Amino acid sequence: QVQLVESGGGLVQAGGSLRLSCAASGRTFSSVAMGWFRQAPRKEREFVAAINRSGDSTYYADSVKGRFTISRDNAQNMMNLQMNSLKPEDTAVYYCAARKVPYLKADRDAYDYWGQGTQVTVSS
């Protein structure tokens, strides 16, 4: 069992930056792939970024590539999402998610554990 708690959301102006964090409980954190997803009002939850268990392989949605950076610290059971050059269309609730296996995937249905989400609002 893995429990996930996101933090770091807030209100920022377009062009600004935010850093989201995901604190994970459980002794299997370093064995599993992790990801970030987001859901805007009236839209489906969509993939943002994923990272494998060791952190040496990452994958991004085209919409955030070059602006967002996913990372993890297995010693601290933490995962982060550095978001730069934010746009109003990045406004959403951001969710941290974990798989049961080491390999990253972009498919929402491949993730087994989810956090409660943190709101990110980007004003124009």
Side-chain angles (χ1 to χ4, degrees):
Q1 188 77 10
V2 175
Q3 292 186 324
L4 306 170
V5 179
E6 302 95 337
S7 62
L11 173 65
V12 64
Q13 287 190 329
S17 298
L18 279 175
R19 184 177 178 86
L20 304 184
S21 294
C22 174
S25 66
R27 299 161 70 180
T28 61
F29 176 80
S30 61
S31 303
V32 301
M34 304 284 294
W36 287 98
F37 291 76
R38 67 186 182 187
Q39 188 167 17
R42 298 174 298 281
K43 290 191 175 181
E44 299 241 335
R45 192 171 299 188
E46 65 175 8
F47 170 76
V48 175
I51 189 166
N52 70 342
R53 69 168 179 177
S54 59
D56 60 0
S57 180
T58 58
Y59 183 68
Y60 297 91
D62 288 343
S63 58
V64 306
K65 202 173 295 183
R67 300 188 298 123
F68 291 10
T69 302
I70 189 172
S71 62
R72 66 189 296 164
D73 182 344
N74 287 342
Q76 300 292 327
N77 276 18
M78 292 287 291
M79 179 179 66
N80 299 299
L81 184 70
Q82 178 66 42
M83 305 187 297
N84 298 329
S85 302
L86 282 161
K87 305 175 181 180
E89 51 263 44
D90 294 318
T91 295
V93 177
Y94 283 70
Y95 296 90
C96 166
R99 303 193 68 202
K100 289 182 178 178
V101 296
Y103 314 109
L104 65 87
K105 291 201 78 170
D107 183 1
R108 180 183 60 195
D109 294 336
Y111 288 78
D112 303 286
Y113 305 103
W114 294 85
Q116 294 299 306
T118 185
Q119 176 71 46
V120 172
T121 303
V122 184
S123 63
S124 56

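Being a predicted model, the structure only gives us computed values, none of them experimental. If you read the sequence from its start, that first residue is 1, and numbering goes on from there.
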Counting neighbours of OH on Tyr113 that are heavy atoms of other residues, nucleotides or ligands and sit closer than 6.0 Å, is the number greater than 12?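 Enclosed: over 12 neighbouring heavy atoms sit under 6.0 Å from OH of Tyr113.
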Is the count of non-hydrogen atoms from other residues, nucleotides or ligands lying under 6.0 Å from Gln119 atom CD greater than 12?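 Counting other residues, nucleotides and ligands, CD of Gln119 exceeds 12 neighbours.
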Scan residues 91-106 for pairs that pass side-chain hydrogen bond (donor to acceptor under 3.5 Å, both in side chains), counting only residues two or more places apart or in two chains.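 Matches after skipping sequence neighbours: Arg38-Tyr94.
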Approximate separation, where rounding is to 0.5 Å, of [X] [atom1] and [Y] [atom2]:
X      : Y      : atom1 : atom2 : value
Gln13  : Thr121 : CD    : OG1   : 13.0 Å
Met34  : Cys96  : CE    : SG    : 4.0 Å
Leu104 : Ile51  : CG    : CD1   : 8.5 Å

Tell me whether [X] shares a hydrophobic cluster with [Y], the cluster being built from Ile, Leu, Val, Met, Phe, Trp, Tyr side chains joined at under 4.5 Å.
X     : Y     : value
Tyr59 : Met79 : no
Leu20 : Tyr60 : yes
Trp36 : Val12 : yes

Side chain to side chain contact (heavy atoms under 4.5 Å, CB included) against Asp62, all qualifying residues, sequence neighbours excluded: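 Result, side chain to side chain contact (heavy atoms under 4.5 Å, CB included) vs Asp62: Lys65.
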Could you walk me through whether Gln116 and Leu4 pass the side-chain contact (heavy atoms from CB on, under 4.5 Å) check? CA-CA 8 Å; Gln116 294 299 306; Leu4 306 170; over 6 Å; no
Would you please indicate yes or no on a ring centroid separation below 6.0 angstrom for Tyr111 and Phe37?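 Ring centroids of Phe37 and Tyr111 are less than 6.0 Å from each other.
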Short N-O contact, Arg108 and Glu44, less than 4.0 angstrom: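 Answer for the salt bridge query: yes.
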Let me see the working for Gln82 and Asn84 under side chain to side chain donor-acceptor pair (under 3.5 Å), right down to the final yes or no. CA-CA 7 Å; Gln82 178 66 42; Asn84 298 329; 2.9 Å; yes
